[in-house]
Student: 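Once you've had a glance at the structure underneath, I'll fire off some questions.
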Amino acid sequence: MEIKWQDSTRPHMELREKNGVPFLAFEKWEEIPWLVHGFSTRLGGVSKGIYASMNLSFTRGDKEEDVRENYRRIAASMGFSPEDIVTTDQTHTTNIRTAQWEDRGNGLTKPRPYTDIDGMVTNVPGVVLSAFFADCVPLYFVDPVKRAIGLSHSGWRGTAGKIGRATIEKMQEEYGSRPEDIYAAIGPSICQECYEVSGDVIEEFCRAFDKKYWDRLFYRKSQEKYQLDLWEANRIVFLESGIPKDHIQMPGICTCCNPALLFSHRASGGKRGNLGAFLGIKKE
């Protein structure tokens, strides 16, 4: 399958496949021995129709047994167990929760005891954080010094609210992480050329970001429409939070530009499944 990469030089992510299940991974992060991570594609699962085939959402109308089989397959391909997964409860907040050992299975093998959580952090071996996407921005964080991780869901509201900064601050609070030690990455999501928004969204970004960034974040397409760069916005949040420039990895791949490989809400008109971002610490 031909993939349209945004970065014409060398993408930060690469397509991997195990047991017939493809997924995307950050090549540099595969060198960290205690880390498991990846981002699913829409391929390699058992779901049918608009959910074909690796849908990871129980709430969009797909068959529950198919979604559970999809989880089994994607977990096996990335190197962990479905029982290790802790899921978000995404409502476009900037709320960050600390995931503990007893949280394993939340949202998958047992109900979540929480709501309104768009990001999580942990330092517990055996816990795999997960969040779900179909154009919104996955944010990954790894602190190799404290062996702590974070994963967040950042749509336009989360980006304007700077959930990336909130996640970094949570890692500082919980684990003593220093921003200069953290490695951060932006996962597959919608690119600027595909992301048209209205003026009220741009107003939120003008309030959230210094004027010196505006030319980098958006441009006017018509009288009422703009093209917004969520990737650059989150990169700015990382930098302002103290993440070194050379610790940041960009996705280089747009969900909307690659509808045969990735679910995209905009490309499908809302008729789609969900992709999954996963980040965990291997069991000792």
Student: Heavy-atom count check: over 12 atoms from other residues, nucleotides or ligands less than 6.0 Å from E224 CD?
Tutor: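 Atom CD in E224 is not crowded, with 12 or fewer foreign heavy atoms closer than 6.0 Å.
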Student: Is there side-chain contact between P82 and T109, with at least one heavy-atom pair below 4.5 Å?
Tutor: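 They are not in side-chain contact.
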Student: Kindly give the cluster partners of I50, where membership spreads through any ILVMFWY side chain lying under 4.5 Å from a current member.
Tutor: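 I50 clusters with Y51.
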Student: Output side-chain donor-acceptor pairs under 3.5 Å for residues 272-284, partner residues at least two apart or in another chain, one line each.
Tutor:
| from | atom 1 | to | atom 2 | distance (Å) |
| --- | --- | --- | --- | --- |
| R272 | NE | H265 | ND1 | 3.3 |
| R272 | NH1 | N274 | OD1 | 2.3 |
| R272 | NH2 | H265 | ND1 | 3.1 |
| K282 | NZ | P33 | O | 3.1 |
| K283 | NZ | D84 | OD1 | 3.3 |

Student: Going by the rule salt bridge (charged side-chain N to carboxylate O under 4.0 Å, His left out), which residues pair with E64 if we only count those two or more places apart in sequence or in a different chain?
Tutor: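 Partners of E64 by the salt bridge (charged side-chain N to carboxylate O under 4.0 Å, His left out) criterion, ordered by chain and then number, come out as R68.
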Student: Do you know which two heavy atoms are closest between L56 and S40, and how far apart they sit?
Tutor: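 Answer, listing the atom of L56 first, then S40: CD1-OG, 3.7 Å.
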Student: Quick check on the hydrophobic clustering: are I182 and V137 connected, directly or via other members, by side-chain heavy-atom contacts under 4.5 Å?
Tutor: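 Result: yes, single cluster for both.
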Student: Checking F80 against I85 for the side-chain contact (heavy atoms from CB on, under 4.5 Å) test, could you report, in this order, the C-alpha distance in whole Å, the side-chain angles of both residues, the deciding distance, and whether it holds?
Tutor: CA-CA 9 Å; F80 53 86; I85 294 171; 3.8 Å; yes
Student: Are F23 and V46 linked, directly or through other ILVMFWY residues, by side chains that come within less than 4.5 angstrom of each other?
Tutor: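 Result: no, two separate clusters.
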Student: Taking R97 as the fixed residue, which of D103, D116, T88 is the one that meets the side chain to side chain donor-acceptor pair (under 3.5 Å) rule?
Tutor: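 Among D103, D116, T88, the one that satisfies the side chain to side chain donor-acceptor pair (under 3.5 Å) with R97 is D103.
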Student: Is the distance between the ring centroids of F218 and Y195 under 6.0 Å?
Tutor: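 No, the ring centres sit 6.0 Å or more apart.
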Student: Within the side chain of T94, is there an N or O that forms a donor-acceptor pair under 3.5 Å with the backbone of I163?
Tutor: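 No.
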Student: Using the rule given for side-chain hydrogen bond (donor to acceptor under 3.5 Å, both in side chains), can you reason through T93 versus D118, listing the C-alpha separation, both sets of side-chain angles and the distance that settles it, and then say yes or no?
Tutor: CA-CA 6 Å; T93 69; D118 282 79; 2.8 Å; yes
Student: Is a donor on one side and an acceptor on the other found under 3.5 Å between the side chain of Q227 and the backbone of Y219?
Tutor: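 No; zero donor-acceptor contacts below 3.5 Å.
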Student: Contact between F205 and W156 at the side-chain level, heavy atoms closer than 4.5 Å - yes or no?
Tutor: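 A side-chain contact under 4.5 Å exists here.
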Student: Answer yes or no: is there a side-chain heavy-atom contact under 4.5 Å between F39 and L262?
Tutor: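 When only atoms from C-beta onward are counted, L262 and F39 do touch, with a gap below 4.5 Å.
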Student: Is the side chain of K110 donor-acceptor paired with the backbone N or O of L108 at a distance under 3.5 Å, no angle test?
Tutor: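 Not confirmed, K110 side chain does not pair with L108 backbone.
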Student: Which pairs, with at least one residue in residues 112-137 and sequence neighbours excluded, count as a ring-ring contact (aromatic ring centres under 6.0 Å, His included)?
Tutor: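 Of all non-adjacent pairs touching residues 112-137, those that pass ring-ring contact (aromatic ring centres under 6.0 Å, His included) are F133-H153.
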Student: Out of curiosity, does V145 fall in the hydrophobic cluster containing V124 (side-chain heavy atoms, cut-off under 4.5 Å, transitive links)?
Tutor: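 No: no chain of side-chain contacts under 4.5 Å links V124 to V145.
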Student: Rounded to the nearest 0.5 Å, what separates atom CZ in R72 from atom OG in S81?
Tutor: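 The CZ atom of R72 sits 11.5 Å away from the OG atom of S81.
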Student: Is a side-chain donor or acceptor of S264 paired with a backbone partner of A134 at a separation under 3.5 angstrom?
Tutor: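 No; judged by distance alone, with no hydrogens or angles, the pair does not exist.
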Student: For V237 and I243, run side-chain contact (heavy atoms from CB on, under 4.5 Å): C-alpha distance rounded to whole Å, both residues' side-chain angles, the deciding distance at 0.1 Å, then the answer.
Tutor: CA-CA 9 Å; V237 172; I243 305 293; over 6 Å; no
Student: Measure the spacing between CD of E193 and CD of Q6 and express it to the nearest 0.5 Å.
Tutor: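 It comes to 8.5 Å.
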Student: Nearest 0.5 angstrom please: R165 CZ to I96 CD1, how far?
Tutor: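 Reported to 0.5 Å precision, the distance equals 11.5 Å.
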Student: Assess the side chains of S177 and D143: does a donor N or O sit below 3.5 Å from an acceptor N or O?
Tutor: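 Yes.
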Student: Quick one: does N70's side chain have a donor or acceptor within less than 3.5 Å of a partner on S53's backbone?
Tutor: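 Yes.
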Student: Determine the sole option in N234, L217, L139 for which the side-chain contact (heavy atoms from CB on, under 4.5 Å) test with T159 is passed.
Tutor: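 Going through N234, L217, L139 one by one, the side-chain contact (heavy atoms from CB on, under 4.5 Å) with T159 is satisfied by N234 alone.
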Student: Taking side-chain hydrogen bond (donor to acceptor under 3.5 Å, both in side chains) as the test, write out the residues that go with S268, two or more places apart.
Tutor: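 Applying side-chain hydrogen bond (donor to acceptor under 3.5 Å, both in side chains) to S268 gives none.
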Student: Side chains of I32 and Y183, heavy atoms from C-beta outward: is any pair under 4.5 Å?
Tutor: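 SC-SC contact between I32 and Y183 ruled out.
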Student: Please step through salt bridge (Lys or Arg N to Asp or Glu O under 4.0 Å) for the pair K4 and E2, ending with a clear verdict.
Tutor: CA-CA 7 Å; K4 181 180 179 181; E2 183 177 352; over 6 Å; no
Student: Evaluate the side-chain proximity of H92 to C136: yes if any heavy-atom separation is below 4.5 Å, no if none is.
Tutor: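 They are in contact (side-chain heavy atoms under 4.5 Å apart), so the answer is yes.
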Student: So do F26 and M13 actually touch side chain to side chain, heavy atoms under 4.5 Å?
Tutor: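 They are in side-chain contact.
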Student: Which is it for M250 and I186 under the side-chain contact (heavy atoms from CB on, under 4.5 Å) test, yes or no, and what are the steps along the way?
Tutor: CA-CA 5 Å; M250 303 296 282; I186 295 171; 3.8 Å; yes
Student: Nearest heavy-atom pair of I190 and C254: which atoms, and what distance?
Tutor: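 What the structure gives for the nearest pair is CA-SG, 3.9 Å.
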Student: Tell me, please, whether W231 has R235 positioned over its six-membered ring: NZ or CZ under 6.0 Å from the ring centre and within 45 degrees of its axis?
Tutor: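 Relative to the ring axis of W231, which defines the angle, R235 lies outside at least one limit.
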Student: Within this structure, what is the CZ-CD distance for the pair F238 and Q249, rounded to the nearest 0.5 Å?
Tutor: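 Nearest 0.5 Å value for the CZ-CD distance: 11.0 Å.
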Student: Got a sec, which pairs hit side chain to side chain donor-acceptor pair (under 3.5 Å) with one end in residues 251-263, sequence neighbours left out?
Tutor: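 Qualifying pairs: D135-T255.
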Student: Flag yes if F58 and V128 sit in one hydrophobic cluster, no otherwise; membership is Ile, Leu, Val, Met, Phe, Trp, Tyr, and two members link when side-chain heavy atoms are under 4.5 Å apart.
Tutor: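 Yes: a chain of side-chain contacts under 4.5 Å links F58 to V128.
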Student: So which heavy atom on P188 is nearest to which on P251, and how close?
Tutor: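 Closest approach of P188 to P251: N-CB, 3.9 Å.
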Student: What pair of heavy atoms forms the shortest contact from A25 to R16, and how long is it?
Tutor: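 Closest approach of A25 to R16: CB-CG, 4.3 Å.
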Student: Taking the side chain as every heavy atom from C-beta outward, state whether T87 and R112 have any atom pair closer than 4.5 Å.
Tutor: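 When only atoms from C-beta onward are counted, R112 and T87 do touch, with a gap below 4.5 Å.
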Student: List the atom of T167, the atom of G150, and the distance in Å for their closest heavy-atom pair.
Tutor: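 Where T167 meets G150 most closely, the heavy atoms are CG2-CA, 4.2 Å.
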Student: Less than 4.0 angstrom from a charged side-chain N to a carboxylate O is my criterion; do K63 and E65 meet it?
Tutor: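 Salt bridge absent between K63 and E65.
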Student: Please walk me through it: do R73 and M54 pass side-chain contact (heavy atoms from CB on, under 4.5 Å)?
Tutor: CA-CA 9 Å; R73 292 188 179 199; M54 182 59 75; 4.1 Å; yes
Student: Less than 4.5 Å apart, side chain to side chain, heavy atoms only: is that true for L15 and T41?
Tutor: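 In short, these two side chains touch, coming nearer than 4.5 Å.
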Student: I'd like to know if L24 and L151 are part of one continuous hydrophobic network [Ile/Leu/Val/Met/Phe/Trp/Tyr, side-chain heavy atoms within less than 4.5 Å].
Tutor: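 Yes, because L151 and L24 connect within a single hydrophobic cluster, where side-chain heavy atoms sit under 4.5 Å apart.
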Student: Could you check whether S77 and N19, counting side-chain N and O atoms only, form a donor-acceptor pair closer than 3.5 Å?
Tutor: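 Side-chain D/A pair, N19 to S77: absent.
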Student: I'd like to know if the side chain of K162 reaches the main chain of A208, judged simply by a donor and an acceptor atom lying under 3.5 Å from each other, with no hydrogens or angles considered.
Tutor: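 Yes; judged by distance alone, with no hydrogens or angles, the pair exists.
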Student: Counting distance only, does the side-chain N/O of T59 pair as donor-acceptor with the main-chain N or O of S57 below 3.5 Å?
Tutor: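 Here the side-chain-to-backbone pair does not exist.
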Student: Which atoms form the tightest heavy-atom contact between P22 and I74, and what is the distance?
Tutor: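 Result for this residue pair: O-CD1, 4.3 Å.
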